Amino acid sequence: MATEHSKSSARIMIAPAVFVLLVWMLVPLCMTLYFSFADYRPLRATFDAWIGFDNYVSFLTSSSFLSSVVTTLQMVAGILVITIGGGVMLALLLDQPMFGQGIVRILVIGPFFVMPTVSALVWKNMFFNVDNGLFSYLFKFFGAQPYDFLSQAPLLSIIVIVAWQWLPFATLILLTAVQSLSSEQIEAAEMDGASPLSRFWHIILPHLSRAITVVILIQTIFLLSIFAEIFVTTNGAFGTRTLTYLVYQRVLESQNIGLGSAGGIIAVILANIVAIFLMRIVGKNLDN
Amino acid sequence: MGRITLDKVQKKFGDVEVIPPLDLTVEDGEFVVFVGPSGCGKSTLLRLIAGLEDVTGGEIRIDGKPATDLPPAKRGLAMVFQSYALYPHMSVRKNIAFPMKMAGMDKAEQDRRIAKAAEALNLTDYLDRRPGQLSGGQRQRVAIGRAIVREPAAFLFDEPLSNLDAALRVGMRLEISELHKRLDTTMIYVTHDQVEAMTMADKIVVLRAGHIEQVGSPLELYHAPRNTFVAGFIGSPKMNLMGGEAAKRHDAATIGIRPEHLDVVDGGGTFIGKVGVSEHLGSDTFFHVHIPEMGEPMTVRAGGEVGLRHGDTIHLTPQADKIHRFDEKGLRIE
Ligand SMILES: Nc1ncnc2c1ncn2[C@@H]1O[C@H](COP(=O)(O)OP(=O)(O)OP(=O)(O)O)[C@@H](O)[C@H]1O
Ligand SMILES: [Mg+2]
């Protein structure tokens with residue numbers, strides 16, 4: 001796209017897509033904005049089109065707001081740590097020549113194809129269930145008391161479920177990065193007397209930093225809106241109510257559309273702040 | 001110290017024998033060049049010495065001590081790779097310091113050696129740049145800097161100049177030769193460029209399909225190639241090799257005459273042919289001469305100004321004492 005002519009025709013070509021995307025995004029956003037300034041509770045048949053910032057004030061000052069933000073951050077951070085740590089290790093492992101490499105790689109990618117609801121249900125009933133979950137059997141086998149993951153460590157349980165789903169994504173991106181590392185560099189480090197651990201620390205990890213950056217960016221954006229896993233497992237109880245889930249509760253459980261919409265707008269603003277921060281911090285990494 | 005001995009060293013990749021058992025001694029302080037056509041196993045041999053590849057059989061000794069099972073870092077050798085293999089996220093200073101840091105050397109000594117190496121290699125102004133911000137020649141010098149600060153027993157170079165342009169290559173060639181004179185450390189240098197081999201080496205090892213064809217000083221190889229392969233490989237332009245009648249007259253299966261040992265005469269020459277392509281280099285002119293009874297054109301070196309044109313008839317006489325004779329197996333006849 002070098003010439004003026006090709007530039008303008010490119011613009012015309014992408015115009016429809018941009019238009020559809022805008023409508024797709026703008027209409028719901030405008031409606032949410034509209035409702036967020038209204039007192040709209042359909043079950044009580046109240047509709048007051050303008051009540052100013054009341055919804056925002058009551059959403060922000062409620063005690064559940066701050067705790068939900070903290071929960072969200074904890075959840076995202078936990079998942080990122082697991083997926084990146086595990087992803088780096090898996091990528092290094094999968095890069096080794098081994099028997100059945102192709103099949104193993106496909107198997108590793110598997111979890112990514114399972115729908116969030118399904119995977120949460122599988123984890124809940126097959127693994128975490130106190131009475132007949134696999135973990136309970138395992139605990140019993142070693143003579144320990146079965147542990148009720150979902151009520152004893154609900155946040156951790158959800159982190160584990162979601163991390164399991166996102167691990168393949170991280171692994172895949174990191175694997176391509178690992179494969180792009182020139183073998184001469186590793187050999188040079190080997191000749192320079194670097195142990196396997198220092199080769200990892202000084203050569204491989206810096207080489208992966210860009211891919212890790214991309215993984216953090218993409219995952220954070222998706223993870224801020226985790227919903228199905230919470231809905232299926234804990235229903236937001238036991239300190240697993242994230243901001244997204246809080247908005248859902250306000251709208252559907254309390255049937256307060258105005259309050260929920262205000263929450264939604266706040267969530268959008270917060271997500272954007274996080275995104276800008278991330279871009280700032282990690283964008284530097286992408287530059288060079 | 002850096003005396004490297006290879007004793008029946010052999011390398012197979014699966015069933016393919018890339019290096020058949022081979023003996024070689026590299027003396028301390030020597031500049032040895034491995035030369036040979038592409039795919040003949042030069043890099044593999046170098047990597048065996050470096051320890052980046054395991055030998056299939058045989059033994060490697062460095063300074064008399066067995067090194068066959070030592071990991072690369074323990075052999076006390078430094079390698080400069082074709083792609084330089086610099087660490088892209090580290091500054092030049094950190095790149096050069098890396099081997100010393102890994103060895104746990106103290107900071108002051110590190111700084112002293114970096115300063116010395118940077119000075120010697122003209123890198124002082126670039127120490128804080130990243131490799132990505134350097135030119136090819138500068139990167140090459142950083143790679144060499146990283147090698148010399150370790151004060152290794154021997155340097156290994158794998159086609160270090162092949163990514164550089166012609167002018168820079170000549171410059172770097174001189175720099176490496178000079179470095180060798182100054183450090184007086186053993187160097188093993190791999191190349192497929194016979195000009196590099198001739199100009200730099202104390203000793204050339206000519207390889208073909210993993211076999212050593214001949215070992216000797218550049219002039220030994222030039223004056224007394226042991227077989228037709230070495231004869232054709234060393235020297236630029238190539239030696240003219242011919243069989244048939246011309247060879248029979250000298251009681252040989254093949255004779256070889258270098259382009260510079262053919263005289264252009266006015267008449268009654270041994271060979272009479274037609275001038276084909278001529279390459280004018282100013283100082284020299286190379287003629288490709290088509291001789292009817294011979295398949296391949298002959299190359300002749302003549303002075304800078306020779307009034308011969310394409311299609312002219314030319315008479316050539318070889319200098320009698322400069323004819324190389326080879327038997328049916330291609331081996332030299334003295
Ligand atoms: N890892 C490997 N597995 C199998 N075969 C290999 C491997 N490395 C090299 N070879 C083979 O060994 C032979 C020698 O390779 P090598 O790289 O030593 O050649 P070279 O002389 O350095 O050639 P060039 O001048 O092109 O660099 C080649 O035929 C190559 O195909
Ligand atoms: Mg090679």
Side-chain angles (χ1 to χ4, degrees), chain A residues 84-85 87-88 91-92 95-102 173-217 278-288, chain B residues 43 46-53 70-91 94-105 110 129-133 139 142-160 163:
Chain A
I84 285 170
V88 169
L92 289 176
D95 190 45
Q96 307 296 320
M98 59 173 157
F99 179 73
Q101 199 168 37
I173 297 214
L174 293 169
L175 179 61
T176 57
V178 168
Q179 285 172 335
S180 72
L181 179 59
S182 95
S183 61
E184 282 199 349
Q185 247 178 59
I186 295 289
E187 284 174 349
E190 214 173 312
M191 300 252 357
D192 284 345
S195 65
L197 203 66
S198 39
R199 285 206 288 278
F200 173 75
W201 188 252
H202 293 288
I203 313 293
I204 299 176
L205 211 56
H207 176 78
L208 292 182
S209 64
R210 191 182 284 224
I212 290 175
T213 304
V214 171
V215 171
I216 291 179
L217 248 158
L278 275 177
M279 293 281 200
R280 276 282 166 80
I281 298 166
V282 293
K284 267 199 220 116
N285 230 333
L286 285 177
D287 276 343
N288 52 55
Chain B
S43 301
L46 197 72
R47 292 165 57 83
L48 287 174
I49 296 172
L52 294 172
E53 210 83 69
L70 286 182
K74 292 265 160 59
R75 298 191 183 196
L77 308 175
M79 184 144 165
V80 176
F81 293 84
Q82 180 174 355
S83 67
Y84 319 131
L86 299 177
Y87 311 125
H89 52 276
M90 297 183 198
S91 65
K94 290 228 174 88
N95 262 285
I96 296 177
F98 190 72
M100 300 188 278
K101 189 170 153 192
M102 289 299 113
M105 195 181 286
Q110 282 188 24
R129 293 215 198 155
R130 297 269 179 104
Q133 300 162 315
R139 282 182 216 181
V142 177
I144 293 172
R146 194 172 61 183
I148 60 177
V149 290
R150 294 177 53 195
E151 303 188 343
F155 291 95
L156 312 177
F157 294 90
D158 191 353
E159 308 207 17
N163 288 347

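Owing to the predicted nature of the structure, the values given are computational and were not obtained by experimental measurement.
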Test item: B:H89 side-chain N/O and A:H202 main-chain N/O as donor-acceptor pair under 3.5 Å: yes
Minimum-distance pair of heavy atoms, taken over all atoms of A:G193 and B:A73: CA-CB, 3.3 Å
Contact winner vs chain A - B:A50, B:A85, B:G51, heavy-atom pairs under 4.5 Å: B:A85
Residues 94-105 of chain B: residues contacting chain A (heavy atom under 4.5 Å, by number): B:F98, B:P99, B:K101, B:M102
By salt bridge (charged side-chain N to carboxylate O under 4.0 Å, His left out) - contacts of B:R47 (at least two apart): A:E187, B:E53
Student check: side-chain heavy atoms of A:Q185 and B:P88 closer than 4.5 Å: yes
For A:M191 against B:L77, the heavy-atom pair lying closest together: CE-O, 3.4 Å
Trace of the side chain to side chain contact (heavy atoms under 4.5 Å, CB included) decision for B:L52 with A:E184: CA-CA 10 Å; B:L52 294 172; A:E184 282 199 349; over 6 Å; no
